[in-house]
Amino acid sequence: MPLTPWWNPETHADRRPLLLARNRIQAAIRGWLADEGFTEVDPAALQISPGNEAHLHAFATEAIGNDGQGRRMYLHTSPEFALKKLLAAGETRIAAFAHVWRNRERGVLHSPEFTMLEWYRTGEDYTVLMQDCAQMLRLAARAAGATSLRYRDHCCDPFAEPERLSLPDAFDRYAGIDLMATIAPSGETDAGALRAQAAAAGLRLAPDDTWSDILSKVLVDRVEPHLGHGRATILDRYPVAEAALARPAPDDPRLAERFELYACGVELANGFGELTNPGEQRRRFQLEMDEKHRVYGERYPIDEDFLAALALMPPASGIALGFDRLVMLATGAPRIDAVIWAPVAP
C-alpha cells in the first residue's frame, strides 16, 4: 500500500513541528558560526568532478555551451572541493549549508538529496573540530527543546562530553581484532591478515573482499552498533588507507587525522586534518578511481583546478556533518524524509 504523500494536509500537519524545529536548529547553528567568526558561503552544486571516493555515486548531467556542444558534469556529493578553493583564495573560516546529491542511497537515514553542513578552520588542529561537534549537539538539542538525542530505542545525552576512541582501539574492544597488525610501517595493508582475524571473530566474508571491504564489514557489523549510546562517540585515527583526503598523524604515519562523530549508533559527521600535498592527493584519487573502476566499471574525472588550488591552501581542518540526521536525532523523527521540507519523490 503506497505511503500518504508528504503534501497531504494531515501528513504535513504531523510533520510541521519537526520542520519548524529544523529551522530553529539551523538558525541556532548559523548564529553560533557567525559568533565564531565564520563566513557563510554558497558553493555551486554543478562541478567537473563530484568527488573521488570509490564508493560514492554521483548524479551526472550534461552542460550545453553557447556553441551547442555538451560536456559531462556532476552534482557534487560534497562542497569540499569548492570550499578548499576558497581557502586557497584567502578565506580562513568558512561554512556552508549545502544541498548535496548521492546516488544509490535511499532509506531511513539516506536521501538522494540532503543538506550537508561543512566548515573549515585554517591554522587550527583537527581536534578543535571535535569541540565544534560537541557544541553542535548541544545547540541542536536546545533549539529542539530536547534533553536527549533519540533514534529508535537509542538515546544519547547531547550535553555530556563525547567519548574519544581510536579506530584500532574500537576494533580491539568490540571485535577482538588487532587492526594495526594488518598495516605495515609503510602503510601497506594486508588483506590476508585482516581476513584471518575477521573470520576468527565470526564475520562472513566474500572471497574477493579487499582489506578495505573487510574493515568496512567489521566497522558496520561489530563497531558502529556500540557507538554514541549514553553519550556521543568520536571515532578517531583512521588508517591512512581509509582517509584519502586527510593528512597522516604526526606520531604514526599509518594512521590519519580523521574522525567520525556518532550519536545513538548513527554516523553524523566526518572530519579531517586536511591533506594539502597535491602530488599525494592525486595519487590517492587515482587509487580510489582504480578501485571504483574495478568494482563498478566507472571512474570520475579529477578536478585539476582543485589540485592546483591545493598547492596554495594553508594548513586547515575541515568537517562535513549530515544536517538532516542531526535534526532527526534532536526531534526523535523516525526517518530522514520526516525532517526535509519537500522530500525527493520516491
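Please read all numbers here as calculations on a predicted model, not as lab measurements.
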Answer with yes or no whether the side chains of [Y] and [X] bring together a donor and an acceptor at under 3.5 Å.
X	Y	answer
Arg284	Gln281	no
Arg22	Thr115	yes
Ser216	Asp213	no
Ser78	Glu118	yes

Inset, instruction - Would you sort out whether Val128 and Ser317 count as a side-chain contact (heavy atoms from CB on, under 4.5 Å), showing the intermediate values? - result: CA-CA 8 Å; Val128 178; Ser317 298; over 6 Å; no
Please report the interatomic distance [atom1]([X]) to [atom2]([Y]), rounded to the nearest 0.5 Å.
X	Y	atom1	atom2	value
Glu260	Leu321	CD	CG	11.5 Å
Met289	Glu53	CE	CD	8.0 Å
Arg254	Met180	CZ	CE	3.5 Å
Met130	Thr127	CE	OG1	6.0 Å

Decide, yes or no, whether a salt bridge links [X] with [Y] under the criterion of side-chain N to carboxylate O below 4.0 Å.
X	Y	answer
Arg106	Asp337	yes
Glu124	Arg93	yes
Arg294	Asp208	no
Asp290	Arg299	yes

Inset, instruction - Start with the C-alpha distance between Arg258 and Glu242, add both sets of side-chain angles, then the distance that settles salt bridge (charged side-chain N to carboxylate O under 4.0 Å, His left out), and finish with yes or no. - result: CA-CA 9 Å; Arg258 177 191 174 190; Glu242 294 296 305; 5.0 Å; no
Determine whether [X] and [Y] fall in the same hydrophobic cluster, where Ile, Leu, Val, Met, Phe, Trp and Tyr are linked whenever their side-chain heavy atoms lie under 4.5 Å apart.
X	Y	answer
Trp32	Leu129	yes
Tyr238	Trp211	yes
Met116	Val41	no
Met73	Phe59	yes
Phe259	Phe171	no

Inset, instruction - Report, as yes or no, whether the 6.0 Å neighbourhood of atom CD on Glu62 holds more than 12 heavy atoms from other residues, nucleotides or ligands. - result: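 Enclosed.
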Inset, instruction - Check whether more than 12 heavy atoms from other residues, nucleotides or ligands sit under 6.0 Å from atom CG of Asn66, and answer yes or no. - result: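 No, CG of Asn66 has 12 or fewer neighbouring heavy atoms, counting only those of other groups under 6.0 Å.
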Inset, instruction - Measure centre to centre between the rings of Phe285 and Phe81, then say whether the value is under 6.0 Å. - result: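 Between Phe285 and Phe81, the centre distance is under 6.0 Å.
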Inset, instruction - State, to 0.1 Å, how close Ala58 and Asn103 come at their nearest heavy-atom pair, and which atoms those are. - result: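 Residues Ala58 and Asn103, closest heavy atoms: O-ND2, 3.4 Å.
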Legend entry - Heavy-atom pair with the smallest gap, counting every atom of Ala338 and Leu19: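 The pair with the smallest heavy-atom distance is O-CD2, 3.9 Å.
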Inset, instruction - For a side-chain hydrogen bond (donor to acceptor under 3.5 Å, both in side chains) with Tyr262, tell me which candidate from Glu224, Glu267, Glu163 qualifies. - result: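 Only one option passes, and that is Glu224.
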Does [X] reach the main-chain N or O of [Y] with its side chain, forming a donor-acceptor pair under 3.5 Å?
X	Y	value
Arg164	Ile234	no
Lys292	Asn52	no
Arg102	Thr77	yes
Arg222	Ala201	yes
Arg325	Ala269	no
Thr182	Leu179	yes
His154	Leu149	no

Inset, instruction - Report the relative orientation of the aromatic rings in His57 and Tyr296; use parallel for angles under 30°, tilted for 30 to 60°, perpendicular for over 60°. - result: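 His57 vs Tyr296 ring planes: perpendicular.
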Legend entry - Ser49 vs Glu304, side-chain contact (heavy atoms from CB on, under 4.5 Å): CA-CA, chis, key distance, verdict: CA-CA 9 Å; Ser49 173; Glu304 295 295 339; over 6 Å; no
Legend entry - Intermediate values then yes/no, salt bridge (charged side-chain N to carboxylate O under 4.0 Å, His left out), Asp209 and Arg204: CA-CA 10 Å; Asp209 277 344; Arg204 301 179 69 175; over 6 Å; no
